[in-house]
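Whatever order the structure lists ligands and atoms in, that order sets their numbers, starting from 1. If you read the sequence from its start, that first residue is 1, and numbering goes on from there.
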Amino acid sequence: MLEYDDHLAVAVSGGKDSLTLINVLAKLESRFPKSHVTAISVDEGIDGYRDEALELARKSCRHLNIKQVIVSYRELFGVTTDEIARTNLGQTPCSYCGVFRRKAINKAAANIGATKIATAHNLDDEVQTVLLNMLHGDPMRIVRSGPVLRDPRGKFLPRIKPLCDILEKEIVLYAYLNGIEFQSVECPHGHEALRNDIRAFLNQLELKHPGSKFTLQRTAERLRNSLAETVPLLELHQCEKCGDPTPHELCEACVMLEAIAA
Ligand SMILES: [Zn+2]
C-alpha cells in the first residue's frame, strides 16, 4: 500500500479507527524522511457531534506534529448534513453524507498534492460492505471496492485502507492501550438500517465461528482478483457543473445538490 516517498492524505474524523490510523502512520512516517502525512478532517455540520470529534482530531494531530486540514460541507457545498436531514428527499442523510465526504476528501487531498488517500476502514467495515453489496444485488461493487483502489485512467488518487485486516475490537484495544482519546458518541443521524443488522449478524457469527470475518474478507479478495478483468472501465468525462471526473453528465454530488436545491 505504501511507498517510501508517499504523501498520504489521511481522513481523520476523530473516531477510534481514524485516530488509531493517524497514530500508526505518524510513527511510520518518522522512519521515512521522504514521506509526508497530512490529516484531512471533514466538518459535515452535525450539531452536538462533529465539534467534539474535530477537537479530538485537532489535539491528536498537534500531539503527533501532523498538519491538519479541515474542510466543511457549508463551505464546499453550501449545505450541512443537519440541513439535509431536515429536507424530505426520500433517502437517509447518510447516502448524501457519504458522497459529499468522498468529494470533500478528494478535493482536499488534491489541493495538498497528496499521492494517496488513506481511510481507516477496518475488517468489520469491509466485510459488512461485502454483505451489504450482496444484499443490494450489486456484486460488481464488491469488485470495484476493496482495500486498495487504483484508477488505471489516473483520474482519481489511489485510495488505501491500511486497517482493512484489523478487527474493530482490536483497534479499540490499541486505542485504549496507547491512551488515544476518541469520540464514542454515535452520529445522531444513525446508520443505514441494513448495515446495523449485518453488523449484529456478523458479530454473532464471529462469536460462534471465530474467523468468519477473515474468511469473508479472503473470499471477497479472491472474487476481486478473478473478476477484476471482466469489469469494464467506464469512460470518464468532466462533470458539467464542477468539472470533477464522472461517467455521466453530472457527478453524483452535483445531482444530489440539484435535488436538495429543488
Ligand atoms: Zn459535479
Side-chain angles (χ1 to χ4, degrees), residues 7-13 18 38-47 50 54 68-121 125 129 132-133 136-138 140-161 187 189 191-192 195 231-262:
H7 180 176
L8 295 176
V10 186
V12 180
S13 65
S18 64
T38 303
I40 311 280
S41 299
V42 180
D43 182 358
E44 304 96 337
I46 304 173
D47 250 8
R50 183 47 74 209
L54 282 176
Q68 183 195 28
V69 174
I70 300 177
V71 284
S72 78
Y73 284 5
R74 162 76 65 220
E75 217 173 278
L76 286 175
F77 310 117
V79 67
T80 65
T81 295
D82 280 345
E83 287 165 359
I84 295 170
R86 283 195 288 270
T87 60
N88 216 342
L89 291 160
Q91 284 189 66
T92 64
C94 306
S95 36
Y96 294 87
C97 204
V99 170
F100 290 160
R101 186 177 309 110
R102 201 157 47 236
K103 194 180 181 75
I105 291 169
N106 278 343
K107 214 178 203 101
N111 278 347
I112 59 166
T115 56
K116 280 177 193 141
I117 295 170
T119 59
H121 296 88
D125 298 326
T129 303
L132 201 59
N133 287 326
H136 281 156
D138 196 356
M140 287 311 157
R141 199 174 272 267
I142 298 172
V143 181
R144 288 195 307 266
S145 60
V148 179
L149 290 179
R150 288 176 210 279
D151 177 15
R153 298 155 300 197
K155 299 275 189 188
F156 293 101
L157 280 175
R159 297 179 83 93
I160 56 169
K161 301 172 185 172
C187 175
H189 299 299
H191 289 285
E192 304 137 280
R195 184 180 285 272
V231 180
L233 266 183
L234 298 175
E235 198 187 321
L236 295 176
H237 323 280
Q238 281 189 323
C239 169
E240 286 176 5
K241 276 190 106 170
C242 71
D244 279 1
T246 170
H248 311 289
E249 279 171 17
L250 290 180
C251 72
E252 219 179 343
C254 286
V255 171
M256 287 179 162
L257 286 171
E258 281 198 345
I260 293 165

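Take the Zn ion (ligand 1) and draw a sphere of radius 2.8 Å; the protein N/O/S atoms inside it number 4.
Among pairs with a residue in residues 89-120, those fulfilling ring pair (Phe, Tyr, Trp, His ring centres under 6.0 Å) read Tyr73-Phe100, Phe77-Phe100, at least two apart in sequence or across chains. Among pairs with a residue in residues 140-160, none fulfils ring pair (Phe, Tyr, Trp, His ring centres under 6.0 Å), at least two apart in sequence or across chains.
In this structure, a donor-acceptor pair under 3.5 Å is present between the side chains of Arg159 and Asn106.
Applying the ring pair (Phe, Tyr, Trp, His ring centres under 6.0 Å) test to His7 and every residue at least two apart in sequence or in another chain returns His36.
Side chain of Ser18 to backbone of Ser13: a donor-acceptor contact under 3.5 angstrom is found.
Salt-bridge check for Glu235 with Arg153: failed, with every basic side-chain N at 4.0 Å or more from each acidic carboxylate O.
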